[in-house]
Novice: 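The following block contains the structure, expressed as structure tokens.
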Amino acid sequence: MRRNSITIFILLCFVSLTTSLSAEAEQFSFKSNNNPDYLPYSFDIFRTYITSELRIPTEHTTASLKPALNDNDTSFFVKLNNPTIFIGKDSWFANLASPAYAKADDHQAGCIVEDWKTFHDSASGEDLVIGVGFRDSSIVLFKCFIQKDTTIEYMTIFTNTNNSRPKGSFNICLIADYDFDNNPEIFINFDFMDTTRFLVCVDIEKWNIEWKVDVASPINPFNFFSCNNTENPSIIFTTINPGNGKTDSNFNDFYSYLVIINQNGNILYKKIIGNYFYKQPQLSADKINNTFFVSQIENIDELDKDSSAAPKRVISKIDLNGSILKSIPIQESVSYLELGSTGTDNIKSLFVNFNGKYYSIFDTDLNLIAYSDYFPEHMKLIGSLKLANETDSIYVFSDGLYNYKFEKLLNFPFIIKSFESFRYDSLGNTTELLINTRNKSYIGNIVKKTKLELASTFYHNNQIYFLMLLSGFFVGLIA
């Protein structure tokens, strides 16, 4: 009797423990094999472009497409509240006179565009295109208001002394009034392969360089944010470590860093967070609470001394000064990290993709909420967006759209490599999407199917079975 009581007690404890664990962290399985006909959304393509790359900014409100020459061109103009010009990487930037087209074959323009974004200037109420590119042997920054008979203003950032085109790449990391002086700044990362790497801050209104900082370790433009710090205006970013042997007084490209720089171009905070074990740390911002989340390795010093030591990987929550508020251990490298929304209350949660294999979701105190099983091999996580009928963040994979429970909502007709939200509604929800495959780009509407449409599709696809069932019913009545 006593032995039976002990056995029952142990079983109850086990059930209680497993119930507690399952309540704390829910496991989701990918449901990617759904019949596209029965998914709640469809992707209705209305334009196709034969091009390997379209340059797309990240901030829009509304848009309407106007091709520059014909549908096979890689360059076209988008007229919108926040205007955008789409230009192939090696196309020429044309004068934006009316009609406002960017013509790929117009070599009258001032520079070859390498990177660019759009920006709304609140002071003038006008919209600008701001970019960086090559002009003969120089690297130039340009800006242009989207209006009739406007001119393009240029600023030379760097000139090659041997009169040849500089070798390197340039990325616009951020456009923001990070120092609260009512003049927006643009931050550009320059990577000259044969010489140096540096970060430049330019005042867009005054059109002058505010500061320049050498950063030998290449900056990740997707992990670059304003600290939103009114007391000590600054920016925060992470770098990667290609190990090219470049160094300066503060950085070595053998390492990855977490960096904070203030409005005077002074480095307030610098910490090594990665090495050859971990080349691309990830950073995400909680703009409401002025905190950040970063993936890093804690034992860099130990690894430098003993390459056989195991890296101690963590995800940390940090404040505006880089101080760690909390850290949790992780087993694999983080390949994607973003603060998104879950549930009807729009609760912020941290979505983490580990090594491209599986997903975990944490609350903002780094407590595990949910996790997924392993991704199917063909699926790649690309990014996220918002849909009008969904309270949760929606995640874009190479084969379609999924909610945070990894239930498929929309099927792409092709496996895609990248995407951009092309048109938004007034609340910032994506209504049109541009998807890119290896050699084509497609623009389409994201359409919510009605219950009647889904029921009609189900009937149409299973009509023969309904007829057989109906025939059997009448046969039964006759019999």
Side-chain angles (χ1 to χ4, degrees), residues 114-117 119 121 123 128 130-133 138-143 153-159 166 168-193 195-241 246-253 255-274 281 283 285 287 290 292 294 318-323:
E114 177 70 14
D115 196 12
W116 56 272
K117 290 185 183 293
F119 182 75
D121 180 50
L128 297 89
I130 303 174
V132 62
S138 298
I139 305 299
V140 296
L141 184 67
F142 65 85
K143 68 176 180 179
E153 293 185 54
Y154 294 96
M155 175 195 301
T156 300
I157 302 292
F158 174 88
T159 299
S169 60
F170 331 109
N171 298 106
I172 297 174
C173 301
L174 179 69
I175 300 176
D177 181 18
Y178 82 111
D179 55 2
F180 306 96
D181 64 352
N182 295 320
N183 290 335
E185 285 82 20
I186 181 170
F187 298 87
I188 311 148
N189 175 40
F190 292 86
D191 184 352
F192 295 97
M193 293 181 290
T195 53
T196 186
R197 299 181 177 114
F198 55 88
L199 176 68
V200 170
C201 174
V202 174
D203 187 309
I204 295 175
E205 298 293 336
K206 297 177 180 177
W207 205 230
N208 66 282
I209 297 175
E210 290 191 347
W211 49 260
K212 170 179 169 286
V213 175
D214 290 331
V215 185
S217 183
I219 294 171
N220 185 340
F222 301 104
N223 290 351
F224 197 108
F225 304 95
S226 166
C227 287
N228 196 28
N229 189 344
T230 55
E231 295 181 1
N232 193 3
S234 48
I235 46 100
I236 183 171
F237 58 87
T238 63
T239 71
I240 60 178
N241 56 322
K246 290 187 179 181
T247 61
D248 56 44
S249 58
N250 287 295
F251 301 97
N252 182 333
D253 76 353
Y255 297 105
S256 299
Y257 296 84
L258 175 66
V259 185
I260 299 176
I261 299 177
N262 72 2
Q263 61 184 332
N264 299 316
N266 298 322
I267 299 174
L268 301 181
Y269 179 89
K270 179 188 66 174
K271 180 184 178 183
I272 296 176
I273 58 174
L283 180 70
K287 297 179 181 179
N290 288 338
F292 301 89
V294 62
I318 62 175
D319 64 16
L320 294 174
N321 302 311
S323 299

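Computed over heavy atoms, backbone and side chain alike; hydrogens, waters and symmetry mates excluded.
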Novice: Can you pull out every salt bridge (Lys or Arg N to Asp or Glu O under 4.0 Å) where at least one residue sits in residues 255-264? Sequence neighbours excluded, please.
Specialist: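 Applying salt bridge (Lys or Arg N to Asp or Glu O under 4.0 Å) to every pair that reaches into residues 255-264, excluding sequence neighbours, yields nothing.
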Novice: Going by the rule side-chain hydrogen bond (donor to acceptor under 3.5 Å, both in side chains), which residues pair with N229 if we only count those two or more places apart in sequence or in a different chain?
Specialist: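 So N229 forms no side-chain hydrogen bond (donor to acceptor under 3.5 Å, both in side chains) with any residue.
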Novice: What's the shortest heavy-atom distance between W207 and F142, and which atoms?
Specialist: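 W207 and F142 have their closest heavy atoms at CH2-C, 3.8 Å.
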Novice: Excluding sequence neighbours, so at least two apart, what forms side-chain hydrogen bond (donor to acceptor under 3.5 Å, both in side chains) with N228?
Specialist: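 N228: side-chain hydrogen bond (donor to acceptor under 3.5 Å, both in side chains) contacts with N290.
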Novice: Can you tell me how far CG of D203 sits from CD of E210, rounded to the nearest 0.5 angstrom?
Specialist: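 Output value for this atom pair is 4.5 Å.
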Novice: On the 0 to 90° scale, with breaks at 30° and 60°, tag the F224-F187 ring pair as parallel, tilted or perpendicular.
Specialist: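 The rings of F224 and F187 sit tilted, inter-plane angle from 30° to 60°.
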Novice: Just jot down the ring-ring contact (aromatic ring centres under 6.0 Å, His included) partners of Y269, sequence neighbours excluded, or say none.
Specialist: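 Here no residue qualifies.
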Novice: So, applying side-chain contact (heavy atoms from CB on, under 4.5 Å) with I236, which one of L283, I261, L268, L320 is it?
Specialist: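 Running side-chain contact (heavy atoms from CB on, under 4.5 Å) over L283, I261, L268, L320 with I236 returns exactly one hit, L283.
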Novice: Do you know which two heavy atoms are closest between S217 and N252, and how far apart they sit?
Specialist: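 Scanning both residues completely, I find the closest heavy atoms to be CB-O, 4.1 Å.
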Novice: Say whether N241 and S256, considering side chains only, have a donor N or O and an acceptor N or O under 3.5 Å apart.
Specialist: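 Checked: N241/S256 side chains pair up, N/O donor to acceptor below 3.5 Å.
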Novice: Report the relative orientation of the aromatic rings in Y255 and Y257; use parallel for angles under 30°, tilted for 30 to 60°, perpendicular for over 60°.
Specialist: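 Because their plane-to-plane angle is over 60°, the rings of Y255 and Y257 count as perpendicular.
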Novice: Can you sort out the partners of F222 under side-chain contact (heavy atoms from CB on, under 4.5 Å), two or more places apart, ordered by chain and number?
Specialist: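 F222 satisfies side-chain contact (heavy atoms from CB on, under 4.5 Å) with N220 only.
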Novice: How would you list all residue pairs meeting salt bridge (Lys or Arg N to Asp or Glu O under 4.0 Å) that involve residues 175-187, not counting sequence neighbours?
Specialist: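 Passing the test, one end in residues 175-187: no pairs.
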Novice: Grab the two heavy atoms, one from P281 and one from T238, that are nearest each other, plus how far apart they are.
Specialist: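 Looking at all heavy atoms of both residues, the closest pair is O-OG1, 3.7 Å.
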Novice: If you take all heavy atoms of D248 and F251, which pair is closest and at what distance?
Specialist: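 Minimum heavy-atom contact is OD1-N, 2.6 Å.
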Novice: Would you name the heavy atoms of L174 and S226 that are closest together and state the gap between them?
Specialist: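 Reported closest heavy-atom pair: CD2-N, 3.7 Å.
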Novice: Is there a donor-acceptor contact under 3.5 Å from the side chain of R197 to the main chain of A216?
Specialist: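 Flag set: sc R197 to bb A216 pair under 3.5 Å.
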Novice: Hey, does the side chain of N262 reach the backbone of N264 with a donor-acceptor pair shorter than 3.5 angstrom?
Specialist: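 The answer is yes, because a donor-acceptor pair under 3.5 Å joins these two groups.
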Novice: Taking all non-hydrogen atoms of both residues, which atom of T159 and which atom of S138 are closest, and how far apart?
Specialist: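 Heavy atoms of T159 and S138 come nearest at OG1-OG, 2.9 Å.
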